[in-house]
Amino acid sequence: MSRFVFFYYIVLFCCGSKAFAQRSQPDGSAYEVLPRLMLKYYGSQYIGQFTSHMLAGEYVWPTGKGIELRLGGLIDRNVLNYDELYFSNKSGFKSSLIFKQYISHGQPILQIAGRPVLGVSQASKGVIPYYGLELFYNELGFDRTRTYKLSCGQDCDYFERVNYGMVDKRVGVRIQLGFVAEIAGPFYFESSIALGAMSSQLKADDRKPIEYEKEYGLKFREGSSSARLQWAVDVSFKVVIRLLK
């Protein structure tokens, strides 16, 4: 599955790059500040229950349009007090493809009745804001341990402690707002906030009992045949290295 997702993003990246470039109009001021090719490391991925090592690459056209591909592998680390029992042995990956539009100095971000009400001033030179559309797919695996009361016939039952695996597949889309700022030399800083929706499908493996009398422990989602729609929020900060000016 992970190979398929990686191949899917590469194809989408190539096709999107060509279409994105063809529809662009020249816009030089953002391009004067931004590198053409960037490598990014997501420091914000160390925060949260499912931490990861995440890298990204972005290409920016002279038009101020950019396309970013990011991939990250989960870190097997217990963050919360109950992770050792309910979210241990973490594995899997996070991935996304982001289409961006950078805002040049003097270019309005928001207009009402044809009049600009929000834009970028000349005083903010060296800090380039952007908005974008993010498509993402995450596959989060972990182990869970519970005690079950099981039946062994009429007037017969017993208790068993079971360790089983779970996979949470998340597919979604988010709208991003962010900025890139020059630091020194080839180094930049980037931060963004994103809001959207995702479909989450949680499934347990065959080690989890199907028929039991009682389930003990904290109550978490255990999976179902249908996916669950929920909000998808992301706040990120990244260290950026210029590869090509």
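- Two residues are said to be in side-chain contact when any heavy atoms from C-beta on lie closer than 4.5 Å; E160 and T147 fail this criterion.
- Side-chain contact annotation: Y216 with K149, donor-acceptor N/O pair under 3.5 Å absent.
- At a cut-off of 3.5 Å, with distance as the only test, no side-chain donor of Q201 or K169 sits close to an acceptor on the other residue.
- A donor-acceptor contact closer than 3.5 angstrom is absent between the side chains of N78 and D83.
- If you check the side chains of E222 and Y164, you find a donor sitting under 3.5 Å from an acceptor.
- A side-chain donor from one of S200 and R221 sits under 3.5 Å from a side-chain acceptor of the other.
- Around atom CD of Q230, more than 12 heavy atoms belonging to other residues, nucleotides or ligands sit under 6.0 Å away.
- Under the 3.5 Å distance criterion, with hydrogens and angles disregarded, no donor-acceptor pair is assigned to the side chains of Y42 and H53.
- Checked against salt bridge (charged side-chain N to carboxylate O under 4.0 Å, His left out), K219 has the following partners two or more places apart in sequence or in another chain: E215.
- Between L202 and V167, the closest side-chain pair of non-hydrogen atoms is not below 4.5 Å.
- The ring pair (Phe, Tyr, Trp, His ring centres under 6.0 Å) analysis of residues 166-207, with sequence neighbours excluded, yields no pairs.
- K94 and Q45 form a side-chain donor-acceptor contact under 3.5 Å, judged by distance and modelled atom types alone.
- Between D206 and K208 there is no salt bridge, since none of the side-chain N atoms of the basic residue sits less than 4.0 Å from a carboxylate O of the acidic one.
- For C156, the side chain to side chain contact (heavy atoms under 4.5 Å, CB included) partners two or more places apart in sequence, or in a different chain, are C152.
- In this pair, F87 and F50 present their aromatic rings perpendicular. The plane angle is above 60°, beyond the 30 to 60° band.
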